[in-house]
Amino acid sequence: MLITQISVFIENQPGKLGEVTQVLADNGVDMSALSLADTTDFGILRLIVNDPDKATEVLRTHDFIVKQSPVIAAVVDDRPGGLTEVLQILSFAGVSVEYMYAFVGSQQGHAVVVMRTDRAEAAMAALESHHVNTLDPKDIYRI
């Protein structure tokens, strides 16, 4: 099943990242994973949160630009080559990974890799056919 990720565009200025996290905290939104990438003038903060719709709404009311995207949270063996196996499955299925980030959660001996692909449904089908576990929203949003 696909997970909803939010992307927040923030200016590269002192305190802007803290403003985002403060707005989320003030509204009871819990972050499970994040990634921050920057360019010269702004950063893209990608978040997995317990309530993506609420997070999007409250951040927009505070004048942040927010986008929601479907991503895959795949459970990968935490060992050399574990990620490579998953990437090869996607490659053989003709799926391109646009970006990804990982975190270690409650999955003993495993990591969770969050991936945005060019063809999410095809990626899910390929992973499922090779018995790669993916997390449901209830598993990752911690609700």
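In the hydrophobic cluster analysis, where Ile, Leu, Val, Met, Phe, Trp and Tyr join through side-chain heavy atoms closer than 4.5 angstrom, V113 is grouped apart from M31. Under the 4.5 Å side-chain heavy-atom criterion for grouping Ile, Leu, Val, Met, Phe, Trp and Tyr, L83 is not connected to Y101 through any hydrophobic cluster.
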(message) Applying side chain to side chain contact (heavy atoms under 4.5 Å, CB included) to E98 and T117, what does each step give before you reach the verdict?
(response) CA-CA 5 Å; E98 296 174 356; T117 66; 5.9 Å; no
(request) Evaluate side chain to side chain contact (heavy atoms under 4.5 Å, CB included) for H130 paired with F92, printing each intermediate quantity in order. (result) CA-CA 12 Å; H130 286 83; F92 291 141; over 6 Å; no
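Within a 6.0 Å radius of CD in E57, no more than 12 heavy atoms belonging to other residues, nucleotides or ligands are found. The number of heavy-atom neighbours closer than 6.0 Å to CD1 of I65, taken from other residues, nucleotides and ligands shown, is 12 or below.
Closest approach of D78 and A111 over heavy atoms only: CB-N, 4.1 Å. Of all non-hydrogen atoms in M1 and T134, the two that sit nearest each other are N-OG1, 3.7 Å.
Side-chain contact check for V23 versus E19: every heavy-atom pair is 4.5 Å or farther apart. Side chains of T4 and T56 form no contact here, defined as non-hydrogen atoms less than 4.5 Å apart. A heavy-atom distance below 4.5 Å is not found between the side chains of V114 and I3. Considering only heavy atoms from C-beta on, I72 comes within 4.5 Å of L2 through its side chain. Side-chain contact between M115 and L127 is present, with at least one heavy-atom pair separated by less than 4.5 Å. Between R116 and P70 the shortest side-chain heavy-atom distance falls below 4.5 Å.
The closest donor-acceptor contact from the side chain of D30 to the backbone of N50 lies at 3.5 Å or more, if one exists at all.
Relative to the ring axis of Y99, R46 places its NZ or CZ within 45° and under 6.0 Å from the centre.
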